[in-house]
Amino acid sequence: MARPGKLASKWKNRPFFEKSLVRNIARSTKQEARRIRGRVLLELRDGVPQEEIRERLKRVFGIAYFAFAYKIPLNPPLLKGEKGGLESLKEEILNKVEGMTFPSFGVITRRSNKNFPHTSQEVNEIVGRVVQERTKAKVDLDHPHLPIHIEILEKEALFYFEKISGPGGLPVGVSGKVACLLSGGIDSPVSAYQMLKRGCEILFIHFHSAPFTSTASQEKVKEVVEILTPYQFTSHVYFIPFAELQQEITTQTPAPYRVILYRRFMVRIAEVLARQEGALALVTGDAIGQVASQTLPNLSTIQSAANLPILRPLIGMDKQEIIRLAQKIGTYETSIQPHEDCCSYLMPREPVTHSTPKELLRIEEAMDVKGWVSKILSQVSSQVFHFPTS
Ligand code: ATP
Ligand code: MG
């Protein structure tokens, strides 16, 4: 059983949100999922490894928490009599707790089916009494060693012992699509993760300098995309050969402006691909002042080359915070592998920190900007990644 986050339920568009969540849970786990009373239920077939399901649900954004629950049917004839659903619920709970040792326990019942003949408090007391008789454990409602959660739904009751935190956020897909500029570095995978977390589907775009550099950056990007794909199930990656244009920039323009020029071309090219794929924004891993190309004036000069907004989810973060997140997501180890960055190998010694759009437009007059953009776009290759793979 998975519960969506509270924030989510405040959306006007709640059914859309919940349907997306059900679809994503089903895609991730390859199990049938259904929506009932603000919850998502997955019927796990026998033999499905719980550890695997747990790992996968930890990556489905929109889940506040989930639990491996046991199900007791509450069929209509059982609802009326004194015996019935509640009897089997008691029995099953006793069966499960029998082998466990716990000094204290607490029964926490939630009843979303108001026709059930007992209130939540009554269920707590009825179940609590038999568990105490059988196990002699103490009742502790504040900090029980063994919480016994019971949910009375329409046609079934669920019970479970452990609430597992989900990743929070919004279901991927509900917020629309963005195009993320993914380098081989630490920051951009984290920026992609932040966007996935807020429900965005991501199209990845990587610029490489092969054959002037090795293909290491492309290999790293593929590894990073493999780590991020379990969050969105299918990832498209565009690989864009950038070396020839970089050579041109190196010979035609003043060195201090190089990196800004690279970035402006990157966003122009990315924007065309983004629009083709229906993406509404570009995403980068910039943080103000982290390096010379990321001063506020330079970020603004780069933005002015694009018409789509450039979103920068790491803008206010320190490097250490970004690194911690990269470690948590699992992209850090890949990101720190050495590679020749498509920009660092031609890095000027004194990059400009206070560029203006006007200056850049003047410098770009020496180049056939449109021609380069379409030339490079004609050389793009792409690859698709899937999760689960089978
Ligand atoms: P990262 O760790 O993400 O590479 P960085 O601190 O090295 O970031 P820069 O190299 O200045 O920063 O890049 C800033 C942003 O520009 C990156 O986060 C990324 O979104 C984009 N970018 C840089 N190089 C590339 C590239 N080769 N391909 C795609 N995007 C890139
Ligand atoms: Mg970089």
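The chain is numbered in sequence order, starting from 1. Ligands are counted one by one from 1 in listed order, and the atoms in each one are counted from 1 as well. Values in this document were obtained by computation on a predicted structure and should not be read as measured data.
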Novice: Check the side chains of Y238 and E277 for a donor-acceptor pair under 3.5 angstrom, ignoring hydrogens and angles.
Specialist: yes
Novice: Does any N/O atom on F207 come nearer than 3.5 Å to any N/O atom on ligand 1?
Specialist: yes
Novice: Determine whether the aromatic ring centres of Y160 and F66 lie less than 6.0 Å apart.
Specialist: no
Novice: Which of the numbered atoms in ligand 1 are below 4.0 angstrom from a heavy atom of D187?
Specialist: 1 (P), 2 (O), 3 (O), 5 (P), 6 (O), 8 (O)
Novice: Which ligand 1 atoms, with their elements, are less than 4.0 angstrom from a heavy-atom of I205?
Specialist: 29 (C)
Novice: About how many Å separate CE of M1 and CG of L41, when rounded to the nearest 0.5 Å?
Specialist: 7.5 Å
Novice: Should the proximity of H208 to ligand 1, defined as any heavy atom under 4.0 Å, be assigned to the side chain, the backbone, both, or neither?
Specialist: neither
Novice: Is a donor on one side and an acceptor on the other found under 3.5 Å between the side chain of K220 and the backbone of P338?
Specialist: no
Novice: For E98, does the CD atom sit with more than 12 other heavy atoms under 6.0 Å from it, leaving out its own atoms?
Specialist: yes
Novice: Would T234 and R27 count as a side chain to side chain donor-acceptor pair (under 3.5 Å) if you check the C-alpha gap in whole Å, the side-chain angles of each, and the deciding distance to 0.1 Å?
Specialist: CA-CA 10 Å; T234 301; R27 279 185 84 179; 3.0 Å; yes
Novice: Is R263 in contact with ligand 1, taking contact as a heavy-atom separation below 4.0 Å?
Specialist: yes
Novice: Polar-atom distance check: G285 versus ligand 1, any N or O pair below 3.5 Å?
Specialist: yes
Novice: So if I count the atoms of ligand 1 from 1 in the order they appear, which ones are less than 4.0 Å from some heavy atom of Q290?
Specialist: 6 (O)
Novice: Pick whichever of I186, I302, L182, V283 has a heavy atom sitting closest to atom 29 (C) of ligand 1.
Specialist: L182
Novice: Using a 4.0 Å cut-off to any heavy atom of D286, which atoms of ligand 1 qualify?
Specialist: 14 (C), 15 (C)
Novice: Does L181, backbone or side chain, put an N or O under 3.5 Å from an N or O of ligand 1?
Specialist: yes
Novice: Working to the nearest 0.5 Å, report the span between CD1 of I126 and CG of L86.
Specialist: 5.0 Å
Novice: Taking only heavy atoms of T284 into account, list the atoms of ligand 1 that are under 4.0 Å away from them.
Specialist: 20 (O)
Novice: Please classify the S293 to ligand 1 contact at 4.0 Å (heavy-atom distances, strictly less than): side chain, backbone, both or neither.
Specialist: side chain
Novice: To the nearest 0.5 Å, what is the distance between OG (S175) and CZ (F17)?
Specialist: 9.0 Å
